[in-house]
Amino acid sequence: MSKQILAITTCRVSTPEQLENNSLERQAEAVLNAANELEAIIPDDGQWSGSVSSKAGTNVNRKDLKEMLHYCKKHPQVKYLIVHEVDRFMRSVDELFYFEVRFREEVGVKIVYASQPQLNTDDHQSKLFKALEAFKGEGSNVERQKKSIDGQISALKHGRWPFAPKPGYKRGYEPGIPEIHPIRGPILSDILLKIVTRRITPTQALIELNDSGFMVGHSKYKMDKFRKIVTDPFYAAIVEIDKQVKFRNEDGLHEPLITKNQHYGLIRIMDAKIKTQSGPHKNGNPKYPVSNLVTCELCRDNSIGRLVGYDHTNGKKNSPTYEKYRCRSCGRLFHRLDIHSEIELQFNLHPITQNGLKKLYKSLDIVWRKKEGEAVREANRTDHKIKSLKLSIEQQIEAITEPSNASIKDEILASIGKKKVEISDLEDSLEKLRDSAEDDRDRFLRFAFKFVQNTGDNFLDTNLVSKENRLRCKDVLFPAGFYIDKKNKVYTPEVSRLYRLATTEQNHLVRVTGL
C-alpha cells in the first residue's frame with residue numbers, strides 16, 4: 001500500500017487591511033481546493049500563515065521558509081508546497097527561483113500556485129510568467145516602500161511621529177502626536193532628571209526603573225537597551241529617523257519629558273560610562289558545547305557555515321523552548337542531543353588499541369614523574385621556609401634579652417607567636433605532600449585512563465573541559481574538524497594517529513573531505 005501524499009501550505013498578508021478583509025481565509029480556501037485536486041492531505045502542523053515580509057532581500061533567512069524546509073526533511077511524504085499566488089509567496093524574481101530549486105533539490109517538494117494553475121508546469125512559458133508575476137510584486141514593493149518613506153518624512157517635517165509611541169508615551173487623540181503615559185511617563189521623566197543632575201548613576205537609575213511601576217507588564221531592561229532610551233532625542237521633543245533615509249526635526253509636536261539641554265547632558269554622561277557587560281559566556285554556553293566546531297557540509301565554502309546553539313520557539317507567547325543547533329549560513333536546524341550523540345559516536349568509533357594503551361601508560365608515567373618532581377621541589381621550598389622561620393624566631397628570642405628592646409618586647413613576642421602558627425601550618429602541608437605522593441599517583445592514573453576511555457562524553461562536559469581545551473582537543477584528535485552532511489550525520493575527514501596511538505592500523509571509518 002502506497003503512503004499518503006502530504007502537502008504543506010503558507011498563506012500571507014502584507015497589510016493590516018488585507019487581514020481585516022479576510023484575505024487569509026480566501027487564500028486557505030483556494031489552497032485546500034488545490035490539495036484536493038492533487039489528492040494530498042494537509043496536516044495540521046504543516047500550515048503557515050501571517051504577515052511575513054517577502055520583499056527582495058529578506059527571504060533567504062525567512063523563518064517560515066526555514067521551518068518548512070526542516071519540516072519537509074522530517075516528513076518525506078510531503079511532495080507539495082501550496083500557495084495562493086506567486087506574490088503571496090515571493091516578491092523577488094531571484095529568490096522565487098532560488099527557493100523553487102531548494103525545495104525541489106533538497107527535499108523533493110514542488111511549489112504549486114493554487115489560483116494560478118497555468119504556472120504549475122515546468123515549461124519555458126510557465127517560468128516566464130512566474131518571473132513576470134514576481135517582478136510585478138517586486139515593483140509593487142518598491143512603490144509601496146517609496147510611498148511609505150515619503151509619508152514618514154512628510155509627517156516628521158510637520159513635527160509628527162508616524163511610528164509606534166516610545167516607552168513612556170501612548171497614542172494620542174491626534175495622529176502622529178503621542179501623549180505622555182499617565183504612569184510610565186512621570187516615572188521615566190524622574191529617572192532621566194536624576195541622572196542628568198547626577199543624583200544617581202546610570203546603573204542605579206536602571207535598577208530603580210526596573211523596580212518601579214514603569215515595568216509592570218513589561219520585561220526588565222538591561223543596560224544596552226536602557227542606554228538607548230536615556231539618549232533617545234524623542235524625549236526632548238526631537239523627531240528623528242536614521243534608517244533607509246535620515247531626517248531630524250528638533251521641533252516635535254509631542255510634549256517632552258526633558259529639555260534639549262538635558263538631553264545633551266544625558267548623552268555626555270552615557271558616553272562617559274564604560275560598557276561593562278561581560279558579553280558571551282567565557283567558557284561558551286554550557287548547553288551548546290560544540291558551537292562553531294561543526295561545519296555544515298552544504299555550506300563548506302561559506303565562512304559562516306558552522307553550527308551554533310539556538311533556543312528555538314514557535315514565536316508565540318509562553319511557547320516551549322526547543323534546544324537546537326542552527327547553521328549560521330543556510331539556517332538548517334538540528335536537535336541538540338542528536339548532534340551531541342553524533343559527536344560522541346565519532347569518539348566511540350575510534351577506540352584506543354591495546355598497543356595504544358601501553359604507550360598511554362608510559363606517557364602518563366612520564367607526565368606523573370614531571371608532576372612528582374614539581375611536588376618534590378614544592379616540599380623542598382616548604383622545608384626551607386620552615387627552617388628560615390625557626391631561625392628568625394631564635395634571633396627574636398635573643399633580641400628580647402636586649403635592654404634596648406624592652407619597649408617593643410610585646411611586639412616581638414606577638415611576631416614570634418605568628419611565626420610559630422605559620423610553621424605549624426607549613427609542617428602540616430609538608431607532611432601531606434610527602435605522605436600522599438603514592439596515593440596521588442594512583443588517583444592520577446585512574447582518572448587519566450577513565451577520562452581517555454570516556455573522551456567523547458568528557459569532550460561535551462563544560463564543567464570538566466574548558467572551551468579553549470575543547471578546541472585544542474578537536475584540533476589534536478580530529479585535525480580536519482567535524483562536518484554534518486545533508487542526512488544530518490556527523491563525520492570527520494581525518495582522525496589523528498596520536499588519538500589512536502597506533503602505528504600500523506588503518507581506519508576505514510573516516511570520510512575524505514568532498515566525498
Query raised in the report: So, are D311 and K287 salt-bridged, with charged N and O less than 4.0 Å apart?
Result: yes

Query raised in the report: Is there a donor-acceptor pair closer than 3.5 Å between any side-chain N or O of D485 and the backbone N or O of N488?
Result: yes

Requested in this report: Rounded to the nearest 0.5 Å, what's the gap from CD1 on I187 to CD on E208? Could you check?
Outcome: 9.5 Å

Query raised in the report: Under 3.5 Å, is there a donor-acceptor pair between the side chain of T295 and the main chain of R306?
Result: no

Query raised in the report: So which heavy atom on I8 is nearest to which on V78, and how close?
Result: CG2-CG1, 4.0 Å

Query raised in the report: Do the non-hydrogen side-chain atoms of Y235 and I229 ever get within less than 4.5 Å of each other?
Result: yes

Requested in this report: Go through the structure and list residues passing salt bridge (charged side-chain N to carboxylate O under 4.0 Å, His left out) with R160, not counting sequence neighbours.
Outcome: E174

Query raised in the report: Would you find a donor on one side and an acceptor on the other, under 3.5 Å apart, between the side chain of S212 and the backbone of L209?
Result: yes

Query - Atom of L333, atom of H70 and distance for their closest heavy-atom approach - result: O-CE1, 3.3 Å

Requested in this report: Answer yes or no: is there a side-chain heavy-atom contact under 4.5 Å between F334 and D338?
Outcome: no

Query raised in the report: Going from OG on S115 to CD on E85, what distance comes out if it is rounded to the nearest 0.5 angstrom?
Result: 5.0 Å

Report task. Look at atom CG of L128 and say whether more than 12 heavy atoms of other residues, nucleotides or ligands are closer to it than 6.0 Å. Result -> yes

Query raised in the report: Nearest heavy-atom pair of G481 and T492: which atoms, and what distance?
Result: O-OG1, 2.9 Å

Query - Within-4.5 Å side-chain heavy-atom neighbours: C330 and C327 - result: yes

Report summary line: Rounded to the nearest 0.5 angstrom, the OG1-CD distance for T9 and Q47 is 4.5 Å

Query raised in the report: Under 4.5 Å between any side-chain heavy atoms of K73 and E106, yes or no?
Result: yes

**Report entry** Candidate pair Y491 and E297, rule side chain to side chain donor-acceptor pair (under 3.5 Å), full reasoning
**Finding:** CA-CA 10 Å; Y491 69 92; E297 186 182 60; 2.7 Å; yes

Query raised in the report: Distance-only, no hydrogens or angles: does the R184 side chain make a donor-acceptor pair with backbone N or O of F214 under 3.5 Å?
Result: yes

**Report entry** Interatomic distance, K220 atom NZ to F226 atom CZ [nearest 0.5 angstrom]
**Finding:** 14.0 Å

Report task. Check for a donor-acceptor pair, side chain of N120 on one end and backbone N or O of Y113 on the other, with a separation under 3.5 Å. Result -> yes

Query raised in the report: Angle class for the F234/H254 ring planes (parallel below 30°, perpendicular above 60°, tilted otherwise)?
Result: parallel

**Report entry** Side-chain heavy-atom pair W48, L65 within 4.5 angstrom cut-off
**Finding:** no

Query - Backbone N/O of L156 and side chain of H158: donor-acceptor pair under 3.5 Å - result: no

Query - Side chain S341, main chain L337, donor-acceptor under 3.5 Å - result: yes

Query raised in the report: E323 side chain to H335 main-chain N or O, any donor-acceptor pair under 3.5 Å?
Result: no

Report task. May I ask you to decide if Q77's main-chain N or O and H75's side chain share a donor-acceptor pair within less than 3.5 Å? Result -> no

Requested in this report: Check whether any side-chain N or O of N33 sits under 3.5 Å from a backbone N or O of E29 as a donor-acceptor pair, and report yes or no.
Outcome: yes

Report task. Flag yes if more than 12 heavy atoms outside Y322 fall under 6.0 Å of its OH atom; otherwise flag no. Result -> no

Query - CD/Q118: more than 12 non-hydrogen atoms of other groups inside 6.0 Å - result: yes

Query raised in the report: Do L345 and V490 pass the side-chain contact (heavy atoms from CB on, under 4.5 Å) test, and can you show the C-alpha distance, the side-chain angles, and the key distance before you say yes or no?
Result: CA-CA 9 Å; L345 179 63; V490 173; over 6 Å; no

Query raised in the report: Do I238 and R248 pass the side-chain contact (heavy atoms from CB on, under 4.5 Å) test, and can you show the C-alpha distance, the side-chain angles, and the key distance before you say yes or no?
Result: CA-CA 7 Å; I238 300 173; R248 179 183 175 98; 3.4 Å; yes

Requested in this report: For residues F482 and V290, determine if any side-chain heavy atom of one lies less than 4.5 Å from a side-chain heavy atom of the other.
Outcome: no

Report task. Using a strict 4.0 Å threshold on nitrogen-to-oxygen distance, state whether E100 and R102 make a salt bridge. Result -> no

Query raised in the report: What about Y288 and Y325, are their ring centers closer than 6.0 Å?
Result: yes

Query raised in the report: What's the shortest heavy-atom distance between R332 and I484, and which atoms?
Result: NH2-O, 3.7 Å

Query - N292 vs V308, side-chain contact (heavy atoms from CB on, under 4.5 Å): CA-CA, chis, key distance, verdict - result: CA-CA 6 Å; N292 291 309; V308 294; 3.5 Å; yes

Report summary line: Heavy-atom nearest pair, T231 first then L266, reads CG2-O, 4.4 Å

Requested in this report: Determine, step by step, whether H181 and Y169 satisfy the side-chain contact (heavy atoms from CB on, under 4.5 Å) criterion, reporting the C-alpha distance in whole Å, the side-chain angles of both residues, the deciding distance to 0.1 Å, and the verdict.
Outcome: CA-CA 5 Å; H181 192 281; Y169 285 80; 5.7 Å; no

Query - Side chain proximity check, P178 to F163, heavy atoms < 4.5 angstrom - result: no

Query - Non-hydrogen atoms of H263 and A236 that approach each other most closely - result: CB-CB, 3.7 Å

Query - Contact check, side chains of E240 and N249, non-hydrogen atoms, under 4.5 Å - result: no

